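Presented below is the structure to which this report refers.
On a predicted model such as this, the values are computed, not experimentally measured, just so you know. One-based numbering, in listed order, for ligands and for the atoms of each.
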Amino acid sequence: MKGFAMIRINRVGWIEKEKPTCGPKDALVRPLAVSPCTSDVHTVYEGAIGERTNLILGHEAVGVVAEVGNLVRDFKPGDKVIIPAITPDWEAVESQMGFSQHSGGMLNGWKFSNVKDGVFAEFFHVNEADGNMALLPENVSVEEGVMLSDMVPTGFHGADNARVAYGETVAVIGIGPVGLMAVAGANLRGAGRIFAVGSRAVCKEAARKYGATDIIDYKNGDVAVQIREAMKNKPVDKVIIAGGDLATFEQALKIVRPGGIVSNVNYLGEGDHIKINRLDWGVGMGHIEIIGGLMPGGRKNMEYLSNLLKYKKLDVNPLLTHRFKGFEFVEKGLALMKDKPADLIKPVITI
Ligand code: NDP
Ligand code: ZN
């Protein structure tokens, strides 16, 4: 079969590979819609997961089931399914402890385009199909559905880990597709005032649609100073980080209240240490929680989040700025995610 792969660090291309085999609990799926991710860019161009050769990329897909193993109960060939970016091993002890993202070790629930071939292929393999796939609701398009693989669950995970409550003031730093879904998640959880921090006009406009009340451009000066000023020197309740770098934590600590939460979903690709100012952290006694999380995968999460699209509580279409038809456009989609032109939020490719 054909697939679009990381040939090695800094090089991508189309390759031929054996079609994967389907274990008794697994499924083989043919993609109907896929989306390249900022994480694919980190993988190929920043060596985020180390060297890989001929690894098929991609972890965001909606597809049609081609084959299921003899122990799969709830899915059959022909079903249209959402596949989460994270496909845990549900029998692992980490899963039993509530951290299925880390089933088998730190971040090991992330399999596609990491430890096995990803979804930019004619067929891809899904482990534990009953636990890791969900039927695509009939009134949700394949393009919309593919935003459920990673963007919606990651942004919402940021809002969940921040335990956003009614009326709270929340700052979302970084409003690419992930941060925008953090804005939407915070909004759905009842946040009052929402600061959205970014620079691209298209993202700022989308942030307002998703419930942001205040837009901050980090290119206009220190984010903490700008938010503090807008807040008349009062702190915010929660901060969700979905962009920026190690210095972003320092800014987050400067604006969050005692007892507040800094919730990170951003990939930290550079530098050895996160900066936490001792005084801003209440000299170690400020009851400020700092948490970072990989999105939760799995069927239940996909089913619940897809209800938001099915019942029109969430519209992901504002994210889909670039739509392509044809498998070959995967390459173009990845290049867009790498270059991040001013009008881009997220590309989607239907096949
Ligand atoms: P984007 O690159 O599209 O968005 C990043 C955002 O951060 C943009 O709004 C950008 O602004 C903003 N930004 C950049 N630099 C700064 C800065 N110094 N201060 C404040 N804001 C800044 O990324 P995605 O939304 O696609 O992904 C976000 C992150 O989430 C990535 O690191 C990705 O790898 C990670 N991720 C994590 C997952 C998880 O499970 N935890 C899953 C999927 C992705 P602008 O471009 O407008 O200038
Ligand atoms: Zn992704």
Note, the Zn ion (ligand 2) has protein N, O or S atoms under 2.8 Å numbering 4
Check this for me: Phe99, atom CZ, are more than 12 non-hydrogen atoms of other residues, nucleotides or ligands nearer than 6.0 Å? no
Would you indicate which of Arg200, Lys204, Met337, Lys346 comes nearest to atom 3 (O) of ligand 1 when only heavy atoms are counted? Arg200
Keeping the roles fixed (side chain from Arg257, backbone from Pro235), state whether a donor-acceptor pair exists under 3.5 Å. no
His42 and ligand 1 - part of the residue with a heavy-atom distance under 4.0 Å: side chain
Side chain, backbone, both or neither: which applies to Asp150 and ligand 1 if a contact is any heavy-atom pair less than 4.0 Å apart? side chain
Which ligand 1 atoms, with their elements, are less than 4.0 angstrom from a heavy-atom of Gly174? 6 (C), 7 (O), 9 (O), 12 (C)
Please answer whether the main-chain N or O of Ala165 pairs with a side-chain N or O of Glu168 as donor and acceptor at a distance below 3.5 Å. yes
Got more than 12 heavy atoms from elsewhere within 6.0 Å of CD, Glu138? no
Look at the rings of Trp110 and His59 and say which category their plane angle falls in: under 30° parallel, 30 to 60° tilted, over 60° perpendicular. perpendicular
Can you check whether Gly179 has an N/O within less than 3.5 Å of an N/O in ligand 1? no
With side chain to side chain contact (heavy atoms under 4.5 Å, CB included) as the test, would you mind laying out the steps for Gln101 and His157 before giving the verdict? CA-CA 12 Å; Gln101 299 95 321; His157 191 50; 3.8 Å; yes
Tell me, which protein residue and heavy-atom name are nearest atom 21 (N) of ligand 1, and how many Å apart are they? Tyr218 CD2, 3.5 Å
Contact region, Val223 to ligand 1, non-hydrogen atoms below 4.0 Å, reads neither
Heavy-atom contact check, 4.0 Å cutoff: does Cys203 meet ligand 1? no
Identify all side-chain donor-acceptor contacts of residues 344-351 below 3.5 Å with residues at least two apart in sequence or on another chain.
| unit_1 | atom_1 | unit_2 | atom_2 | d |
| --- | --- | --- | --- | --- |
| Lys346 | NZ | Pro36 | O | 2.8 |
| Lys346 | NZ | Glu60 | OE1 | 3.0 |
| Lys346 | NZ | Glu60 | OE2 | 3.3 |
| Thr350 | OG1 | Phe324 | O | 3.3 |

Leu294 to ligand 1, any heavy atom closer than 4.0 Å: yes
List the steps and the verdict of side chain to side chain contact (heavy atoms under 4.5 Å, CB included) for Ile240 and Val262. CA-CA 6 Å; Ile240 304 170; Val262 175; over 6 Å; no
Assess, by modelled atom type and distance only, whether the side chains of Asn317 and Glu144 contain a donor and an acceptor separated by less than 3.5 Å. yes
Tell me if a side-chain donor or acceptor on Asn139 pairs with a main-chain N or O of Lys310 at a distance below 3.5 Å. yes
Whether Gly158 lies under 4.0 Å from ligand 1, heavy atom: no
Between Lys340 and ligand 1, which residue portion shows a heavy-atom distance shorter than 4.0 Å: side chain, backbone, both, or neither? side chain
Give the numbers and elements of all ligand 1 atoms closer than 4.0 Å to a heavy atom of Ser199. 11 (O), 45 (P), 47 (O), 48 (O)
Ligand 1 atoms in contact with Val265 (distance to a heavy atom under 4.0 Å): 30 (O), 35 (C), 36 (N), 37 (C), 38 (C), 39 (C), 41 (N)
Is the backbone of Asp89 close enough, under 3.5 Å, to the side chain of Ser95 for a donor and an acceptor to pair up by distance? yes
May I ask you to check whether Val178 has an N/O atom sitting below 3.5 Å from an N/O atom of ligand 1? yes
If we number the atoms of ligand 1 from 1 as shown, the ones under 4.0 Å from a heavy atom of Asn266 are 29 (C), 31 (C), 32 (O)
Could you list which atoms of ligand 1 come closer than 4.0 Å to a heavy atom of Thr154? 37 (C), 38 (C), 39 (C), 40 (O), 41 (N), 42 (C), 43 (C)
Return yes or no for this condition: an N or O of Gln251 is under 3.5 Å from an N or O of ligand 1. no
Closest heavy-atom pair and its distance - Ala196, Val183: CB-CG2, 4.4 Å
Any N or O of Gly198 closer than 3.5 Å to N or O of ligand 1: no
Please determine, by modelled atom types, if Trp14 and Glu331 share a side-chain donor-acceptor pair under 3.5 angstrom. yes
Do side-chain atoms of Glu122 reach the backbone of Lys2 as a donor and acceptor pair under 3.5 angstrom? yes
Are Trp281 and Phe249 close enough that their ring centres sit under 6.0 Å apart? no
Work out whether the distance between some heavy atom of Thr248 and some atom of ligand 1 is less than 4.0 Å. no
Have a look at ligand 1 and work out which part of Ala242, if any, has a heavy atom under 4.0 Å from it: side chain, backbone, both or neither. backbone
Is there side-chain contact between Glu91 and Lys25, with heavy atoms separated by less than 4.5 Å? yes
Contact (N/O only, under 3.5 Å) between Ile173 and ligand 1: no
Kindly confirm or rule out an N or O of Gly176 lying under 3.5 angstrom from an N or O of ligand 1. yes
